[in-house]
2 protein chains.
Amino acid sequence: MVGKLRGLGYKATPQRLAVLEALAAEQHQSLEELRGRCPGVGLVTMYRTLDLLSETGLVRRLDLGDGPRYELAEDHHHHMICESCGEVSEFEECPVDTRSLADLGFEVNAHSLEVYGRCAGCVGGERR
Amino acid sequence: MVGKLRGLGYKATPQRLAVLEALAAEQHQSLEELRGRCPGVGLVTMYRTLDLLSETGLVRRLDLGDGPRYELAEDHHHHMICESCGEVSEFEECPVDTRSLADLGFEVNAHSLEVYGRCAGCVGGERR
DNA sequence: TCACTAACTGAAAAATATTTTCAACTACAC
DNA sequence: GTGTAGTTGAAAATATTTTTCAGTTAGTGA
């Protein structure tokens, strides 16, 4: 991580390391959540660092319907979004097979899947 | 569409119909793009309508890294995002099999897949 | 180890984006 | 038609993001 930053000619400052550590704590956090984990980092630097990390591809910004959120760019990442209670959870097992995309000439580096539906709790309780 | 709105107790106003029509013209549009297609609709109403449509599940807001965008909530939708040139395209063939999620008790209604990599043009031209 | 420099930071200000308020308007049920 | 709850748009308020700029610092090379 740090190596990648330096390799691209960027400095590994304490602020950047703090943001990376905050990102590692949990996936899809909001700016405010990240700020809570980086008390020493100024607001402007948060924005700039997240921009920088997004540009280098280390971080991805996404919006699952509740405002911008950030997460470390993993090779593949899977979200399950409950349309009843709004809960966003993650799951490991990968139901995606991107091999067919090679036929379109696209070189696949990573993917992100969002599944919308109703979580076990809402299905069980028949909550609307 | 209109029926669904009315069924939920909402009125089918010309503004809402205009926004729905604008959404139908193209997927993942920004607010400004949608505004361009709805000259008669005020800015506040745009925001309110998109909120309303998102709540009813007709529309989904997403952020692929370049700010919020909106699209009609299709059952499944697949984006291909080129990390070199930033182009976002869509593809039809579905490389996702969500059947395994039933084991987790999750009831799947729809999904959205984002594939990150390099598009045919960038791979061919070796553009960085 | 030290000095140099390009890169970086934070506070304030500016610019943008989004939400709230409220009086006037309208779709639609009766 | 009439009544009314729901809807709209303009202005104001608020929130979010970006820019500016003077001061600081990581990392390089001597």
Side-chain angles (χ1 to χ4, degrees), chain A residues 1-23 28-71 73 86 88 128, chain B residues 1-23 28-71 86 88:
Chain A
M1 226 66 142
V2 178
K4 174 150 189 188
L5 274 187
R6 276 206 269 257
L8 291 165
Y10 298 115
K11 290 180 180 175
T13 66
Q15 290 90 341
R16 285 173 183 170
L17 300 182
V19 173
L20 281 171
E21 203 167 317
L23 285 162
H28 54 84
Q29 295 180 76
S30 67
L31 187 81
E32 284 314 309
E33 285 172 318
L34 290 170
R35 285 246 286 161
R37 297 184 199 272
C38 302
V41 180
L43 177 61
V44 181
T45 299
M46 284 303 289
Y47 277 112
R48 276 191 294 223
T49 302
L50 289 168
D51 271 7
L52 179 92
L53 294 173
S54 299
E55 261 166 42
T56 64
L58 283 172
V59 162
R60 232 163 254 148
R61 180 166 47 128
L62 68 160
D63 187 334
L64 269 30
D66 56 352
R69 289 174 173 266
Y70 301 87
E71 55 181 42
V88 176
R128 264 210 60 84
Chain B
M1 223 71 136
V2 178
K4 172 148 191 187
L5 272 188
R6 277 208 267 256
L8 290 165
Y10 299 113
K11 290 180 180 174
T13 66
Q15 290 90 340
R16 285 174 184 168
L17 300 182
V19 173
L20 280 171
E21 202 167 317
L23 284 162
H28 54 81
Q29 294 181 77
S30 66
L31 186 82
E32 283 317 309
E33 285 171 319
L34 290 169
R35 286 245 286 161
R37 298 186 199 273
C38 302
V41 181
L43 176 60
V44 181
T45 298
M46 285 303 288
Y47 278 112
R48 275 193 293 224
T49 303
L50 290 168
D51 270 8
L52 179 92
L53 294 174
S54 299
E55 262 165 42
T56 64
L58 282 172
V59 162
R60 229 163 256 148
R61 181 166 46 127
L62 69 158
D63 186 335
L64 269 32
D66 55 353
R69 289 174 174 268
Y70 301 86
E71 55 182 40
V88 176

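Reminder, nothing fancy here: chain letters follow the sequence lines and each chain counts from 1. Atoms considered below: every heavy atom in the structure, side chains included; atoms not considered: hydrogens, waters and symmetry mates.
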Legend entry - Spacing between A:L5 atom CG and D:dA26 atom P, to the nearest angstrom: 14 Å
Legend entry - Side chains of B:V19 and B:V59 in contact at under 4.5 Å (non-hydrogen atoms): no
Inset, instruction - Quickly work out the A:L31 CG to C:dA17 P distance and round it to whole Å. - result: 17 Å
Inset, instruction - Answer yes or no: are there more than 12 heavy-atom neighbours, outside A:E33 itself, under 6.0 Å from its atom CD? - result: yes
Inset, instruction - Tell me which residues in residues 46-59 of chain A put a heavy atom below 4.0 Å from DNA chain C, sorted by number, or none. - result: A:R48
Inset, instruction - For A:E32 and D:dT17, give me the distance from atom CD to atom P, rounded to whole Å. - result: 9 Å
Inset, instruction - Looking at every strand, decide which applies to A:G67 at a 4.0 Å heavy-atom threshold: base, sugar-phosphate, or nothing. - result: nothing
Legend entry - Whether B:E21 side chain and B:R37 backbone form a donor-acceptor pair below 3.5 Å: no
Legend entry - Salt-bridge present (B:R61, B:E71; N to O < 4.0 Å): no
Legend entry - Side-chain heavy atoms of A:Y10 within contact of A:T56, under 4.5 Å: yes
Legend entry - Nearest-Å distance for atom pair CD/P, residues B:E33 and C:dA17: 14 Å
Inset, instruction - To the nearest Å, give me how far apart CG (A:L8) and P (C:dA7) are. - result: 13 Å
Inset, instruction - Tell me whether the OP1 or OP2 atom of C:dG10 has a side-chain N or O from A:Q15 closer than 4.0 Å. - result: yes
Atom pairs under 3.5 Å, N or O on each side, protein against nucleotides 23-30 of chain C: can you list them with distances?
{"from": "C:dA27", "atom 1": "N3", "to": "B:K11", "atom 2": "NZ", "distance (Å)": "3.0"}
{"from": "C:dC28", "atom 1": "OP1", "to": "B:R6", "atom 2": "NH1", "distance (Å)": "2.4"}
{"from": "C:dC28", "atom 1": "OP1", "to": "B:A12", "atom 2": "N", "distance (Å)": "3.2"}
{"from": "C:dC28", "atom 1": "OP2", "to": "B:R6", "atom 2": "NH1", "distance (Å)": "3.3"}

Legend entry - 4.5 Å side-chain heavy-atom contact, B:D63 and A:R69: no
Legend entry - Under 3.5 Å: donor-acceptor pair, side chain of B:T49, backbone of B:T45: yes
Inset, instruction - Identify the two heavy atoms, one from B:R35 and one from B:G42, that lie closest to each other, and give their separation to 0.1 Å. - result: NH1-C, 4.3 Å
Inset, instruction - Return the value, rounded to whole Å, for the distance between atom OH of A:Y70 and atom P of D:dT16. - result: 11 Å
Legend entry - Protein-nucleotide distance (A:R16, atom CZ; C:dC8, atom C1'), rounded to Å: 6 Å
